Structure formats: C-alpha cells, structure tokens
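Only this structure's heavy atoms are used, side chains among them; waters, hydrogens and symmetry mates stay out. Not measured: the values here are computed from a predicted model.
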Amino acid sequence: MHWADLGVVLLRVVLVFVLLMGATIINVWAERKVVADMQSRIGPQRAGPWGILQTVADGLKLFFKESVTPRKVEVGMYLLAPFLAAIPAFLIFMVVPFGAPFTIAGEEVILQGADLNIGILFILAMSSIAVYGVVLAGWSSGSKYPLIGGVRATAQAISYEAAMGLAMVAVVMFTATQGDGGTLSLAEIVARQDGTWFGIIPRWNVFPEIVAFVIFMIAIVAETNRAPFDLVEAEQEIVGGFHTEYSGMRFAMFFLAEYVNIFSMSAIAVTLFLGGWNGPTWEGTLPAFLSAILPTVWFLVKTYAVIFVFFWLRATLPRLRYDQLMALGWKRLIPAALTWIVVSGIAVGVRLFGVPWG
C-alpha cells in the first residue's frame, strides 16, 4: 500500500508538470494571437496550425542556443538564479486543486499535487522565494542595467506581496464563517464555495469580497512583472532588465517562470474568489465520465478568463512610471487592503457573535 500511495503522488506531480508545460505553450501562443488581434495584426501563423507550434519552435531554438557567460558575473548565483525563478513557479501550483476528487477502486483520488493545511502560507512562501531569482540574476550579472532591474524587483515585490497577502487574509476571514472554523487549505476553501445564494447566485467569495478580489488581481499582475508593471525588464530604459546578460536555456527558464506564474496566479485567483472547480456537472443527465471531468473544465475556463485579463492589460495600458508604481502599492493598495480587513472583520464578528448591543 505504501508503494501504491507513492505511485499516486508521483503521478500527480507528473500531471501537474505536464499541465503547466502545456499551459505555457498555449499561453505564449494565445498572448501573441490576442494582442495581435487587438492591434490589427496576424500574429504567429507559420509553425503548425494557426501558428500553435511557434512556442515549441522558440523553445527548441533556445535549447540549442549557446549560453554565453559574461566575465564579471558571480558564477554561483548567476547559474542558480534561473532555477530560483522557475522551481517556485511550479511548486506554487502544487497546492491548487484543479478538479473534483473522484474514487477509483475504493480509493479517493484528489486532483491536486498536495493538499496542505497551510496552502496559503505555502503560496506566499514560494512567491517570496521566486523574487530571489530575479534579484540575484540582476545582482550577479555584473552589469548596471540588470542590477537596476533587480533593485526595482525588490521594491516592487515588497510593495505588492504585502497587498496580495492582505487580500488573501480577508478571504480566510470570510471563509471561516462558511464552515467549521478557519482554514488555509485551498481544497477546503473551494469546498466552502459550493452551492448558491438565493438559488441563483454562486457562493463564490468574489461577491462578498469584491474589494479583496480587485486588490488581489492588481497585486498578482505586479507580482508576475507583467505590463503595466513590467519595470524590472523595461527594454526602453534598461535594455532587458534583470535577465539582460542571460541567453539560451538560462534565459528560457526566466521566460518559462513568467508564464507558469501567470497560470499559477490566475489559478489561485480562481480558487480563492471564483469557486475553483465548482460548476454545474449535470450528474444523471450526462455520462458519468463527462460529469467527472466537467469540474476540471470549469476550472480551466475560469483560469483562462483571468489570464485573458493579463493579455488585455498588456495590449491596452502603457507602462507606469516608477513613482506611480510605488505610490499605487503603498498609498492605495495596502491602505485599501487594511481597511477592507477591518470591514471584513466587523462583518465576520457580527455574523458569528451578533451585534454587541443585541
């Protein structure tokens, strides 16, 4: 039985890896196509049907391209930085449930890398480690422009991780009123969003926690260094930012980490606010197999709806100035998140214990 359990765990790990790699290929192609449509261009069209294999072609090119190492780098940190960026991006998704549990031969199988009872803390820890990859890449390159990108990344991460964490706190507080006490398990948070209010409105956290959702969305766009918050790699100002001195597969790992992070953070937003894999399965109407895979379909549909927002922002908004970036984080998002926690705390207290004068 021990070996069977180990096999199931390894299978889940492989499944998560394959899902993220496949999603990355689709995301790069989809972004090019979506942005091209918004700018009245064609986008990729030659490699494979509708250009779908363009990402594969780019990956093969980078795999076989020579990785040049500049003379003045801090070699250990320079080589370690791409791994510090890529590995946490994969680990973050390990705690995200991407489908409903099902039973095989009397054993329950969960579609999740690992159901940690501290899942939200794990996400915050991994996202913090990923920042070290960007910072160390900029510092260890021995060049001024990457160093500027690394310093920017440090300040940006501190600013927006605080807002992101505070938005997650509000969700945890509200979730405590939906079941038997508080929880940091993402699977449990999804389970408590099952059902409807008044028979028609899904019990998703986004409705009562709309302010936290908006703060969280802005924070994850900044956390993934995406436009309009992509100052750590602003080509008009600092050539390519923190990864200017990287080439070949080392550069590809930063590129991979960015798009895996987009998928992972979008999936976390769906899990915390949009009901995760919850959705109609029409059991008894559809064949059992279709009803079993529909939760995963709903999860992917919601996730790609959030990912589309990333693409839309890139095609629409100009890059912020650095002072605007800092002002938005410290003067707007963090005070708003703290205020919303107070409001949520009062609402949760009234719901659990009633009004103090009642």
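Between the side chain of K33 and the main chain of P44, a donor-acceptor pair closer than 3.5 Å is present. One N or O on the side chain of Q193 and one on the backbone of T271 form a donor-acceptor pair closer than 3.5 Å. Using a distance-only test at 3.5 Å, with no hydrogens or angles considered, no donor-acceptor pair links the side chain of S141 to the main chain of S143. Between the side chain of R226 and the backbone N or O of V221 there is no donor-acceptor pair closer than 3.5 Å.
Side-chain polar atoms of Q156 and N225 form a donor-acceptor pair below 3.5 angstrom. No side-chain donor from either of E31 and N27 sits under 3.5 Å from a side-chain acceptor of the other.
L116 and I110 fall into different hydrophobic clusters, defined by Ile, Leu, Val, Met, Phe, Trp and Tyr side-chain heavy atoms under 4.5 Å apart, directly or through other members.
Within a 6.0 Å radius of CD1 in I201, other residues, nucleotides and ligands contribute more than 12 heavy atoms. No more than 12 heavy atoms of other residues, nucleotides or ligands sit less than 6.0 Å from atom CZ of F83.
Among residues at least two apart or in separate chains, side-chain hydrogen bond (donor to acceptor under 3.5 Å, both in side chains) pairs with a member in residues 66-80 are T69-R250.
Here W29 is tied into one hydrophobic group with I25, W50, I52, L53, V56, L60, F63, F64, M249, each link being a pair of ILVMFWY side chains closer than 4.5 Å.
Listed here is the closest heavy atom pair of P88 and I129: CG-CG2, 3.7 Å.
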| query | Can R203 and D194 be said to form a salt bridge (Lys or Arg N to Asp or Glu O under 4.0 Å), step by step? | reply | CA-CA 6 Å; R203 296 179 65 90; D194 189 21; over 6 Å; no

| said: Quick one, T183 with I189, criterion side chain to side chain contact (heavy atoms under 4.5 Å, CB included). Give me CA distance, side-chain angles, the key distance, then yes/no. | reply: CA-CA 7 Å; T183 180; I189 290 174; 4.1 Å; yes

| task | Evaluate side chain to side chain contact (heavy atoms under 4.5 Å, CB included) for L20 paired with F17, printing each intermediate quantity in order. | result | CA-CA 5 Å; L20 290 177; F17 180 78; over 6 Å; no

| query | Under the side chain to side chain contact (heavy atoms under 4.5 Å, CB included) criterion, do V131 and E161 qualify, and how do the steps go? | reply | CA-CA 10 Å; V131 175; E161 273 190 11; 3.6 Å; yes

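F255 and Y259 have their aromatic ring centers within a separation under 6.0 angstrom. F229 has its ring centre less than 6.0 Å from the ring centre of Y160.
Proximity of F98 to P295: side-chain heavy atoms (C-beta onward) are nowhere separated by under 4.5 Å.
Relative ring orientation between F299 and F263 is described as perpendicular, the plane-to-plane angle rising above 60° on a 0-90° scale split at 30° and 60°. Classified by interplanar angle (parallel below 30°, tilted 30° to 60°, perpendicular above 60°), the ring pair F207/W204 is parallel.
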